K.L.:
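Please see the structure below; I have some questions.
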Protein chains: 2
Amino acid sequence: MLDVAILGLLMDRDHHGYEIRSQLRERLGVSANVSFGSIYPALARLERHGLVEAVAPAAPRAVAISTGSLSGERASLRTLRGSAGLGRRGRKVYRITERGRQEFGVLLADPTTVDDGRTFSLRVALARYLTPALRVRLLERRRQDLLERLAEVRQDADNPDLDAYARSVMSHAAHGVELDLEWIDDLLSIERSDSETFAREAK
Amino acid sequence: MLDVAILGLLMDRDHHGYEIRSQLRERLGVSANVSFGSIYPALARLERHGLVEAVAPAAPRAVAISTGSLSGERASLRTLRGSAGLGRRGRKVYRITERGRQEFGVLLADPTTVDDGRTFSLRVALARYLTPALRVRLLERRRQDLLERLAEVRQDADNPDLDAYARSVMSHAAHGVELDLEWIDDLLSIERSDSETFAREAK
DNA sequence: GATGCATCATATCACTTCGATATATCGACG
DNA sequence: CGTCGATATATCGAAGTGATATGATGCATC
């Protein structure tokens with residue numbers, strides 16, 4: 001899951017680990033603050049598998065030299081220190097490889113994994129990398145899962161030997177699932193109207 | 001978090017590991033199916049810390065003997081085989097200890113941990129074990145967190161260099177937080193009307 | 001009454017993730 | 001000049017996941 005998220009961010013542009021953490025939240029809607037203890041090992045793993053590679057950052061000190069005043073001396077020292085892939089302030093910037101792009105496509109388009117709320121949101125946030133057909137399939141699969149879940153959680157909410165608090169949790173969960181279903185139906189209707197527009201234009 | 005959930009279930013009555021898994025879902029509203037790879041180590045850990053203890057299940061074969069017909073022979077064989085704590089079909093039934101009850105109270109009432117959605121729901125599901133004052137504090141703290149989260153996620157939803165899918169994820173997240181807030185406000189108003197009822201009756 | 005299948009039940013494995021902590025650099029501020 | 005907060009990587013132990021193994025039990029079916 002984290003792998004897909006990182007690859008998805010790198011599809012857009014190069015990133016370093018620290019930046020990925022904030023981007024996960026801001027661009028992909030990952031609500032839990034993913035820890036560095038996940039991100040750095042994940043990047044190392046992806047690099048080991050040849051899906052990403054460390055790059056010497058473009059013009060390491062160029063910006064600093066143009067805006068800064070007398071820091072040229074210190075800068076060159078630092079640049080000397082840094083080995084391959086280590087840029088300004090020890091940043092390690094990663095780039096997705098061709099193999100990485102392929103693997104990203106496969107992972108995103110769903111091998112057989114069942115989505116929970118987090119992976120589904122992630123996939124939707126990256127849905128522009130899916131074909132319209134795959135998008136619809138993703139949405140409809142999730143829709144089915146949620147309908148089943150709704151039935152379960154409604155049953156739990158009616159369980160008479162739960163106290164008021166537990167029943168409240170259950171019925172709130174049901175409302176959450178209902179909200180998710182509305183969202184999915186919205187997304188599906190957009191997909192359909194898009195393909196209509198497409199069809200009309202093709203005439 | 002899992003510790004609190006298990007202790008919470010055991011506050012009600014004794015359980016064995018397999019049963020705890022289903023009860024987490026049905027009684028505590030834990031949506032993710034917690035794996036046995038979590039539950040059994042958690043029980044072992046809790047036992048090691050003296051918060052729970054294995055019990056010889058009450059009347060191991062009594063039910064089977066009374067309802068069944070000729071199975072007394074097989075039953076006694078099995079009972080012989082089972083060492084302490086191993087009852088019918090190898091079940092290991094756990095009971096909460098006095099230390100466990102105390103620790104449960106402390107954990108539930110909040111040391112300093114920040115709630116995410118899962119731990120908060122869990123606490124609400126177990127809220128009957130909290131005093132009214134602690135319940136209100138729990139709800140108001142969560143309310144504050146959600147207000148901050150709402151501001152963040154609304155800002156992300158307005159970010160113009162996200163594509164329509166990512167923005168949709170963000171705005172759906174915002175709606176989810178709004179739903180959570182409504183829920184909490186409901187719970188808070190119930191707490192307040194309960195204490196009013198209390199006050200009125202006390203007159 | 002044997003057979004065989006689904007469910008109940010515990011356990012363990014490799015791998016991932018989390019939370020805390022360590023370390024160092026940079027920029028801003030007084 | 002010092003130090004504080006943000007940037008940045010790294011690592012550790014503890015905990016959680018998903019898969020898999022193993023076996024007992026109940027029940028249906030022949």
Side-chain angles (χ1 to χ4, degrees), chain A residues 1-6 15-24 30 32-49 54 57 60-61 63-64 67-69 71 74-75 77-79 81-83 85-94 111-114 116 118-119, chain B residues 1-6 15-24 30 32-49 54 57 60-61 63-64 67-71 74-75 77-79 81-83 85-94 112-114 116 118-119:
Chain A
M1 177 253 163
L2 185 53
D3 291 10
V4 188
I6 292 176
H15 289 284
H16 55 94
Y18 189 85
E19 198 178 26
I20 282 172
R21 187 170 123 113
S22 46
Q23 297 279 303
L24 285 175
V30 175
N33 264 357
V34 182
S35 74
F36 292 121
S38 310
I39 289 171
Y40 292 116
L43 283 169
R45 193 171 59 237
L46 290 170
E47 189 175 24
R48 210 167 54 236
H49 294 336
R61 293 304 290 174
V63 177
T67 62
S69 46
S71 51
R74 291 215 321 267
L77 274 170
R78 218 170 297 117
T79 305
R81 176 189 57 69
S83 57
L86 282 175
R88 183 183 166 186
R89 206 194 307 180
R91 273 185 190 166
K92 250 200 240 174
V93 175
Y94 290 92
T112 45
T113 54
V114 179
D116 61 11
R118 296 194 312 288
T119 61
Chain B
M1 174 256 164
L2 184 53
D3 291 9
V4 187
I6 292 177
H15 288 284
H16 54 94
Y18 189 85
E19 198 179 26
I20 282 172
R21 187 169 124 115
S22 46
Q23 296 279 304
L24 286 174
V30 176
N33 264 356
V34 182
S35 73
F36 292 121
S38 312
I39 290 171
Y40 292 117
L43 283 169
R45 193 170 61 237
L46 290 171
E47 189 175 23
R48 210 167 54 236
H49 295 335
R61 293 303 290 175
V63 177
T67 63
S69 45
L70 308 168
S71 51
R74 292 216 318 270
L77 275 171
R78 219 172 295 115
T79 304
R81 176 190 55 70
S83 56
L86 281 175
R88 185 181 166 187
R89 207 194 306 179
R91 274 184 189 167
K92 248 201 240 173
V93 176
Y94 290 92
T112 46
T113 54
V114 179
D116 61 10
R118 295 194 314 287
T119 61

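Residue numbers begin at 1 in each chain, while the letters A, B, ... track the order of the sequences. All values derive from a computational prediction rather than experimental measurement.
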K.L.:
Within this structure, what is the CE-to-C1' distance between A:Met1 and C:dT16, rounded to whole angstrom?
P.N.:
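To the nearest whole Å, that distance equals 12 Å.
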K.L.:
Is it true that, when you exclude A:Arg21 itself, more than 12 heavy atoms of the residues, nucleotides or ligands shown sit nearer than 6.0 Å to its CZ?
P.N.:
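Yes, enclosed.
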K.L.:
Could you list all the salt bridge (charged side-chain N to carboxylate O under 4.0 Å, His left out) pairs where at least one residue sits in residues 33-42 of chain B, not counting sequence neighbours?
P.N.:
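Sorted result for residues 33-42 of chain B: empty, none.
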K.L.:
What integer distance in Å separates A:Arg91:CZ from D:dA6:C1'?
P.N.:
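It works out to 12 Å between those atoms.
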K.L.:
Could I get the full list of side chain to side chain donor-acceptor pair (under 3.5 Å) partners for A:Thr119, not counting sequence neighbours?
P.N.:
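Per chain and number, A:Thr119 pairs via side chain to side chain donor-acceptor pair (under 3.5 Å) with A:Asp115, A:Asp116.
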K.L.:
Mind running a 4.0 Å heavy-atom check of residues 33-43 of chain B against DNA chain D and sending the residues that fall below it, in number order?
P.N.:
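Heavy-atom contacts with DNA chain D come from B:Val34, B:Ser35, B:Gly37, B:Ser38.
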K.L.:
Would you say a side-chain N or O of B:Arg45 is under 4.0 Å from OP1 or OP2 of D:dG16?
P.N.:
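Looking at the OP1 and OP2 atoms of D:dG16, one of them is under 4.0 Å from a side-chain N or O of B:Arg45.
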K.L.:
Between C:dA20 atom C1' and A:Arg21 atom CZ, what is the distance in whole Å?
P.N.:
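After rounding, the gap between these two atoms is 12 Å.
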K.L.:
Atom OG of A:Ser38 and atom CD1 of A:Ile20: how far apart are they, to the nearest 0.5 Å?
P.N.:
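Taking OG in A:Ser38 and CD1 in A:Ile20, the distance rounds to 12.0 Å.
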K.L.:
To the nearest Å, give me how far apart CZ (A:Arg118) and P (C:dT17) are.
P.N.:
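These atoms are roughly 10 Å apart.
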K.L.:
C:dA11, D:dG16, D:dT9: which one has an atom nearest the side-chain heavy atoms of A:His16?
P.N.:
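My answer, after comparing the listed nucleotides, is D:dT9.
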K.L.:
Apply side-chain contact (heavy atoms from CB on, under 4.5 Å) to A:Glu47 and list each qualifying residue two or more places apart in sequence or on a separate chain.
P.N.:
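Result, side-chain contact (heavy atoms from CB on, under 4.5 Å) vs A:Glu47: A:Val52, A:Ala54, A:Tyr94.
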K.L.:
Check the distance between C:dA11's P and B:Ile20's CD1 and give it to me in whole angstrom.
P.N.:
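Distance, rounded to whole Å: 12 Å.
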K.L.:
Look at the side-chain N and O atoms of B:Tyr18 and state whether any lies under 4.0 Å from the OP1 or OP2 oxygen of C:dC8.
P.N.:
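Checking B:Tyr18 against C:dC8: at least one side-chain N or O falls below 4.0 Å of OP1 or OP2.
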K.L.:
Of all residues at least two apart in sequence or in a different chain, which pass the ring-ring contact (aromatic ring centres under 6.0 Å, His included) check with B:Tyr40?
P.N.:
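In terms of ring-ring contact (aromatic ring centres under 6.0 Å, His included), with neighbours along the sequence ignored, B:Tyr40 is linked to B:Phe36.
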K.L.:
Taking atom P of D:dA8 as reference, at what distance in whole Å does atom NE2 of A:His15 sit?
P.N.:
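To the nearest whole Å, that distance equals 13 Å.
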K.L.:
Starting at atom CD of B:Glu19, determine the distance to atom C1' of C:dT7, rounded to an integer number of angstrom.
P.N.:
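For the pair B:Glu19 CD and C:dT7 C1', the rounded distance is 14 Å.
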K.L.:
Taking only residues two or more places apart in sequence, or in another chain, which ones meet B:Arg45 in a side chain to side chain donor-acceptor pair (under 3.5 Å)?
P.N.:
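B:Asp3.
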K.L.:
What integer distance in Å separates B:Asp116:CG from D:dG16:P?
P.N.:
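To the nearest whole Å, that distance equals 13 Å.
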